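Quick notes on the structure that follows.
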Amino acid sequence: MLKINDLHASVDDKEILKGINLTVNAGEVHAIMGPNGSGKSTLASVIAGKEEFDVTKGSVILDGEDLEEESPEERAHKGIFLSFQYPVEIPGVSVTNFMKTAINESRKARGLEDMPANEMLKLIREKSELLEIDRKFLSRSLNEGFSGGEKKRNEIFQMAMLEPKLAILDETDSGLDIDALRIVANGVNKLKSKDNAVIVITHYQRLLEYIVPDFVHVLHNGKIVKSGGKELAHELEEKGYDWLKQEATV
Ligand SMILES: Nc1ncnc2c1ncn2[C@@H]1O[C@H](COP(=O)(O)OP(=O)(O)O)[C@@H](O)[C@H]1O
Ligand SMILES: [Mg+2]
């Protein structure tokens, strides 16, 4: 599904990603870990096509197609979802109405008519039940006064509604409380299927007690310095990152 080849990316002429190789197949959950500043969020942004980063070498291929020329919107319409894409507060626009607009925009980009209202309602009901999101939450104003956990709930709801092929969840916030962790983990576990894939970015081993990844990759100084199965997360929990930094410089 996703193939990243020797990806190099810079911001303001400073190289941040220094040759990333990564293959993600449908049905897989990958965790990307690594110390602060190693380039995790940059990698997420580059996959999503954010324009502040220059890809200087290498490629990002989705279903055999090079994404180089595609805007973030086009990538989103092809099924790439990045959490925190819509962090804005929109007073007066409810979670539900925002979602309706997002879905219909995505359909329009694919040449489809608006989703009929009854179908939309059914989808909202189905997904909110699956994720145990209550009605009151759906009528709240988008992000206005949301707690950390509510922001997560909203993101996971967006992910559930948009049914992305590839979801990238960048869990930057080390202040995530146990509630927020459970919401994210529960969402990922319920939404994963043989047809989609998830990349969870975290420097936070604890999240991986709830989401069991198929593969774990450690990023350090813009490179993947180690990949393994879920046991690698436990090893990092015990040993920290320093032993990998040493290996990486050998
Ligand atoms: N927009 C930007 N402008 C300048 N430097 C940036 C920008 N984004 C990231 N960086 C730098 O790139 C490096 C990697 O950052 P980041 O990808 O956010 O790491 P992580 O998510 O692993 O903590 C850091 O040194 C950071 O300062
Ligand atoms: Mg980050």
Side-chain angles (χ1 to χ4, degrees), residues 2 4-22 24 29-60 67-68 71-73 75 80-88 148-149 151-152 154-156 158-159 166-177 180-181 183-185 187-188 198-208 210-211 213 215-228 232-233 235-237 239-249:
L2 179 75
I4 297 178
N5 305 303
D6 194 26
L7 182 68
H8 292 249
S10 308
V11 63
D12 303 335
D13 292 327
K14 180 179 157 212
E15 186 167 64
I16 297 171
L17 301 183
K18 303 174 181 173
I20 304 270
N21 292 291
L22 180 68
V24 177
V29 177
H30 289 245
I32 296 185
M33 308 186 70
N36 272 327
S38 54
K40 302 183 298 295
S41 297
T42 301
L43 177 60
S45 298
V46 170
I47 298 171
K50 289 206 185 152
E51 270 130 24
E52 66 256 41
F53 299 95
D54 298 319
V55 173
T56 52
K57 197 175 169 202
S59 55
V60 178
L67 296 180
E68 188 171 358
S71 69
E73 292 73 27
R75 295 181 197 213
I80 295 180
F81 173 90
L82 177 61
S83 63
F84 287 121
Q85 255 175 332
Y86 310 109
V88 285
K151 282 186 184 145
K152 288 287 138 192
N154 180 46
E155 268 178 42
I156 295 295
Q158 287 179 1
M159 176 174 134
L166 174 68
I168 306 170
L169 304 173
D170 188 358
E171 300 310 326
T172 45
D173 187 355
S174 52
L176 277 191
D177 58 19
L181 281 179
I183 290 163
V184 172
V188 169
V198 184
I199 298 177
V200 186
I201 297 177
T202 180
H203 60 208
Y204 205 50
Q205 284 89 334
R206 201 146 57 117
L207 180 60
L208 303 180
Y210 301 97
I211 300 174
F215 299 95
V216 175
H217 311 277
V218 183
L219 201 61
H220 171 58
N221 196 17
K223 283 186 181 162
I224 292 179
V225 294
K226 198 162 183 77
S227 295
L232 181 54
E235 215 173 334
L236 290 167
E237 174 98 71
K239 301 204 227 167
Y241 290 114
D242 286 346
W243 60 290
L244 285 167
K245 291 184 194 172
Q246 280 150 17
E247 275 191 13
T249 53

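As the structure is a computational prediction, the values presented were derived from the model and not from experiment. All ligand and atom numbering here is 1-based and tracks the order in the structure.
Atoms NZ and CD1, from Lys40 and Ile199 in turn, are 14.0 Å apart once rounded to the nearest 0.5 Å. Taken from OG in Ser10 to CD1 in Ile16, the straight-line distance is 7.0 Å, to the nearest 0.5 Å.
Here Pro35 has backbone heavy atoms under 4.0 Å from ligand 1, and that is the only part of it that gets that close. Contacts with ligand 1 closer than 4.0 Å are made by side-chain heavy atoms of Ile16 only, the backbone lying farther away.
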*salt bridge (Lys or Arg N to Asp or Glu O under 4.0 Å) between Asp6 and Lys57: does it pass, once the steps are laid out?*
CA-CA 7 Å; Asp6 194 26; Lys57 197 175 169 202; 3.2 Å; yes

_Please evaluate residues Ser38 and Met33 with respect to the criterion side chain to side chain contact (heavy atoms under 4.5 Å, CB included), reporting the C-alpha separation (whole Å), side-chain torsions for both, the decisive distance (0.1 Å), and the verdict._
CA-CA 9 Å; Ser38 54; Met33 308 186 70; over 6 Å; no

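Under the 4.0 angstrom criterion for non-hydrogen atoms, Ser38 is in contact with ligand 1.
The nearest N, O or S atom of Ser41 is closer to the Mg ion (ligand 2) than 2.8 Å.
At least one N or O atom of Thr42 sits closer than 3.5 Å to an N or O atom of ligand 1. Polar contact with ligand 1: present for Gly39 (N/O pair, distance under 3.5 Å).
Of the possible polar contacts, none joining the Ser227 side chain to the His217 backbone as a donor-acceptor pair under 3.5 Å is found.
Within ligand 1, the atoms closer than 4.0 Å to a non-hydrogen atom of Ser41 are 17 (O), 18 (O), 20 (P), 21 (O), numbered from 1 in the order shown.
Of all non-hydrogen atoms in Ile156 and Ile183, the two that sit nearest each other are CG1-O, 4.1 Å.
The option from Ile32, Val11, Asn36 that lies nearest to atom 3 (N) of ligand 1, judged by heavy atoms, is Val11.
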